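Note that this is a predicted model, so its numbers are computed, not measured.
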Amino acid sequence: MTKTAWITGATSGFGRAAAKRFVAGGWQVVASGRRADRLDALRDELGAANVHSAAFDIRDSDAMNAAIAALPEGFRGIDLLVNSAGLALGTGPAQGAELDDWRTMIDTNITALVILTRALLPGLIARRGAIVNISSTAANYPYLGGNVYGASKAFVSQFSLNLRADLHGSGVRVTTLEPGMAETEFTLVRTHGDQAASDKLYQGAHPITANDIAETLWWIATLPAHLNVNRLEMMPVSQSFAGFQIHRET
C-alpha cells in the first residue's frame with residue numbers, strides 16, 4: 001500500500017527537498033505552503049498522481065481546515081506528518097525587535113504547528129503513523145538575536161517529547177529534527193530579503209543542504225516500525241558550540 005506524507009513548507013528548502021525525496025521513494029505527498037505557483041510547479045514536476053498541492057497560509061486555521069476537508073480520497077490517509085514550515089525574522093537583540101516579527105514567528109512556528117498536528121492526530125493514530133517536527137539547534141543553544149526564534153524552536157522540541165509521552169502505546173512515532181546552519185531561503189527571509197547577508201553567512205562554511213535534511217527525514221521515516229528517533233541534532237562540521245559571552249566594565 002502506498003504511504004502518504006503531509007509536508008508543510010513544501011514551497012522551498014527542507015520541505016520541497018523532502019517532497020521530492022519521498023516521491024522518489026514511492027510515497028504520495030500532500031505538499032502545503034503559501035505560494036500556489038511553487039506548489040503547482042512541484043506537482044507538475046513530480047506528477048499529480050504523486051503530489052496533491054494545498055496552498056494556504058498555515059497561520060490561517062480556517063484555510064487549514066478547509067484544505068484538510070478538501071483532500072482527495074487517495075490522499076486522505078496520512079501516514080507521516082512533517083512539520084517543516086517555519087521561519088526566523090530579525091537578527092537583532094530583543095530590545096530592538098519588531099513585535100510583528102515576534103508574532104509571526106509564534107503564529108507560524110508554534111500555533112500553526114500544534115493546530116495541524118492536533119487535526120491530523122486521529123488519522124495518524126489509526127494508521128500507526130509518524131510525526132517529524134523540524135526544530136533547530138537554536139532550541140538548545142542561545143545566541144545574540146535568537147530570542148523568540150530560539151524560544152519557538154525550544155517549544156517545538158519539548159512539544160515533540162510530550163507528544164511522544166501522550167502517544168505511548170499508540171504505535172505513533174514522534175521525532176524532533178534539530179539542524180544547525182543550513183543554506184536555504186532561511187536567512188534571506190530572516191533579513192527581509194538581504195541577499196548579501198545570506199551569501200556572507202554561508203560563504204566557505206559548507207553548510208547543511210536541503211537535500212541533506214531530506215535524506216535524514218527519509219531515514220527516520222523508513223526505520224522499522226518498532227524504532228523511534230526521539231531527537232536528532234545535526235550541524236555541519238564547520239559549526240560547533242560558541243563560548244560564553246562576558247561583558248567587562250572599563
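The side-chain hydrogen bond (donor to acceptor under 3.5 Å, both in side chains) with N133 is formed by just one residue from the set T176, T117, N83; it is N83. Under the side-chain hydrogen bond (donor to acceptor under 3.5 Å, both in side chains) test applied with R103, the options D100, D101, D107 reduce to a single match, D100.
Aromatic rings from Y149 and Y143 are positioned such that their centres are separated by 6.0 Å or more.
Using a 4.5 Å cut-off on side-chain heavy atoms (C-beta onward), R231 and L161 make contact. Between L80 and F22 there is a side-chain heavy-atom pair separated by less than 4.5 Å. For the pair T137/M235, a side-chain contact is recorded, criterion being any heavy-atom separation below 4.5 Å from C-beta on. Using a 4.5 Å heavy-atom cutoff, the side chains of R173 and R128 are not in contact.
Minimum heavy-atom separation, L39 to S53: CB-CB, 3.7 Å. The two atoms that bring F14 and I134 nearest to each other are CD1-CG2, 4.0 Å, heavy atoms only. In terms of heavy atoms, E45 sits closest to R16 at OE1-NH2, 3.6 Å.
Between the side chains of S135 and S157, at least one donor N or O lies within less than 3.5 Å of an accepting N or O. Counting only N and O atoms by type, the side chains of D199 and Q203 include no donor and acceptor under 3.5 Å apart.
Classified by interplanar angle (parallel below 30°, tilted 30° to 60°, perpendicular above 60°), the ring pair W6/F56 is perpendicular.
Salt bridge present: D79 and R127 bring a charged side-chain N and a carboxylate O closer than 4.0 Å.
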